[in-house]
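Reading through the structure tokens given below for one structure.
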Amino acid sequence: MKQQFFFILQGYSEKQYPKMVRTRFAPSPTGQLHIGGARTALFNWLFAKHHKGRFVLRIEDTDRERSRDEYTQGILDGLAWLGIVHDEGPFFQSARMELYKEHALRLLQEGHAYKCYCTTQELEEKRKRALKEGQKPAYDRTCREKTIEDPDKPHVIRFKTPLSGTVAFHDLVRGEISFQCDELDDLVILRTDQTPTYNFTVVVDDALMGITHIIRGDDHINNTPRQILMYEALKFAVPRFAHVPLIHGKDRARLSKRHGATSLLEYREEGFLPEALMNYLARLGWAHGDDEIFSKEELIEKFDLPNVGRSPAIFDMDKLLWLNDHYMKTLPVEVVAERLAPFITAQSRTAPDRAKLIQIIRNLLGRAKTLKEMAQMAGFFFGEEIEYETSAKAKFLTQAARPILEQFLKDFQELPSLDEASQRALIESIARDHGKKLVDIVQPIRVALSGKAVSPGIFEVIGILGKDLVKKRIERAISLIS
RNA sequence: GGUCCCAUCGUCUAGUGGCCUAGGACACCGGCCUCUCACGUCGGUAACACGAGUUCGACUCUCGUUGGGACCA
């Protein structure tokens, strides 16, 4: 493992880059931070931390039309929630426009780029003609060798892609990848309105920010050869690339909105723990032997690129739920209470007493897999009035149950203690008196107290509710039997 | 359509030529536990896409086929 790392570093000119690993996450603020983006950020962050390097955050907001401040904020919130902390930034591309222009002009002066005066209509016609003739719809390089310049005429600046040869690179997760230059066309780097294009800003920024390892989704593989060519033309050291497979939905297509919750913050709202999500995301496309559970510290210690898989992974909600359940059970109960409280407040309009909440959590662990679900299950512990599930009420709050509830109400109030042993003795004696099984006694009581046919253990429920509430609810239930 | 990438249980994956009658985890099924539902626990079903090579030996290497995906249009 160590040897490989040194090999990686050999690619750098020491003058240009320090030996330190530098990675970045560079989202566009044109939408919510989604699961795939979050995993890319995680991999970059883990890789940097693992190698004692630095992680840079850059916001690619050159598309003024679609970029929104609220999305930038969402990205920041999402990363913070997960526990991914950037060492530098956030840097905004919108504040660096002069820089891109400067470098584009430099390429122009040095003969690596040229002005193209072709109009949109001309290009469109050429494209259609090429397609009709079965040719590739690439730009035909009409302006590439033009010597006459007309500064007043609108133009774009195109990069001069070599006409022949190959661009090859060693991808840190895929191995050797190569492209023929003649497959690439002369891409626009500066538009008519002087704004730079994506492939150009990425190169300028990554180079200027000293990024040593570019870890990104494999939807960018096709961009890589053009970018390498631009690094070389700009005389920048070429960084190492690692293309990680995309996350897919159940239909094996790239994860998108129609697959359900894709925004990271939706998972927070749904009651997932950041520990669980980080663990899950890390294991999606990466493995460390047979291990499944990783704390943040263990991930930093163990994560590395050679163990990243090459094939796309399908997002599996069941496994995420399992991990969430695991972390709810293993995190200190005080921490769970802290995180659960807002959900309780939102659903029961009650700010719960901390000691009572912890007692409730202990009884709900294993039953609820998310904080939200737990809050829903805990609802009946709060407030005077409870709602009865229709089916539970119809099945258990019947005429047959009336005498049972009445006897329970009477005997229960005389109980000296609410410990399990005395409660059990009481219910067993009622069962004997009525010639019924324990379950036939417990279920009506459960429904009377919780409104549901399913709840935590009845003795715990009674213990947490306390004598007063139990009395009120049993009385109310009896009054509801028609 | 062109370019590029990918291919082990339903899913995430271990596996780097003999350790593989292919391991773990989630999900699923069954037993136990039990006041309900879960948890827990024990056990079970389930995969190397296909075809040629290379090799004494291929899940592992090469090529092809098929299938899937991404990007561009």
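Side-chain atoms are counted along with the backbone in the values below, which use heavy atoms only and exclude waters and symmetry mates. Because the structure is a prediction, the values reported are computed rather than measured. We name chains A, B, ... by the order of the sequence lines, and we start the count at 1 in each one.
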Mind checking the [atom1] distance from [N] to [M]? Whole angstroms is fine.
{"N": "B:A47", "M": "B:G1", "atom1": "C1'", "result": "35 Å"}
{"N": "B:A14", "M": "B:U8", "atom1": "P", "result": "10 Å"}
{"N": "B:C42", "M": "B:C35", "atom1": "P", "result": "22 Å"}
{"N": "B:U66", "M": "B:G43", "atom1": "P", "result": "45 Å"}
{"N": "B:U60", "M": "B:U16", "atom1": "C1'", "result": "7 Å"}
{"N": "B:G10", "M": "B:C28", "atom1": "C1'", "result": "9 Å"}
{"N": "B:G15", "M": "B:G23", "atom1": "P", "result": "15 Å"}
{"N": "B:U3", "M": "B:A52", "atom1": "C1'", "result": "27 Å"}

Which nucleotide sits closest to the side chain of [X]: [options]?
{"X": "A:Leu438", "options": "B:C6, B:C35, B:C71", "result": "B:C35"}
{"X": "A:Arg174", "options": "B:U11, B:C6, B:U36", "result": "B:C6"}
{"X": "A:Arg310", "options": "B:U36, B:U11, B:A7", "result": "B:A7"}
{"X": "A:Asp290", "options": "B:A25, B:G23, B:A70", "result": "B:G23"}
{"X": "A:Lys369", "options": "B:A27, B:U3, B:U11", "result": "B:A27"}

5′-ward residue of the pair A:Asp325/A:Ile458 relative to RNA chain B: A:Ile458

A:Trp286 vs A:Ser455, nearer the 5' end of RNA chain B by closest nucleotide: A:Trp286

Pair [X] + [Y], salt bridge at N-O below 4.0 Å:
{"X": "A:Arg310", "Y": "A:Asp218", "result": "no"}
{"X": "A:Glu460", "Y": "A:Arg362", "result": "no"}
{"X": "A:Glu292", "Y": "A:Lys319", "result": "yes"}
{"X": "A:Lys472", "Y": "A:Asp468", "result": "no"}
{"X": "A:Lys471", "Y": "A:Glu475", "result": "yes"}
{"X": "A:Arg226", "Y": "A:Asp186", "result": "no"}

Any donor-acceptor N/O pair under 3.5 Å between [N] base and [X] side chain:
{"X": "A:Lys319", "N": "B:A27", "value": "no"}
{"X": "A:Arg367", "N": "B:C37", "value": "yes"}
{"X": "A:Arg446", "N": "B:C35", "value": "yes"}

Taking a pair as Watson-Crick or G-U wobble with both distances under 3.5 Å, which nucleotide is matched to [N]?
{"N": "B:C56", "result": "B:G18"}
{"N": "B:C33", "result": "none"}
{"N": "B:C72", "result": "B:G1"}
{"N": "B:G10", "result": "B:C26"}
{"N": "B:A47", "result": "none"}

Contact class for [X] (heavy atom, under 4.0 Å): base, sugar-phosphate, or nothing?
{"X": "A:Gly285", "answer": "sugar-phosphate"}
{"X": "A:Phe459", "answer": "base"}
{"X": "A:Ala287", "answer": "sugar-phosphate"}
{"X": "A:His248", "answer": "sugar-phosphate"}
{"X": "A:Lys436", "answer": "nothing"}
{"X": "A:Arg283", "answer": "base"}
{"X": "A:Pro456", "answer": "base"}

Anti/syn call for B:C29, syn if |chi| within 90°: anti

Side-chain N,O (A:Lys250) to OP1/OP2 (B:C12) below 4.0 Å: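 Looking at the OP1 and OP2 atoms of B:C12, neither is under 4.0 Å from any side-chain N or O of A:Lys250.
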
Parallel, tilted or perpendicular: ring planes of A:Trp286 versus A:Phe303, cut at 30 and 60 degrees: tilted

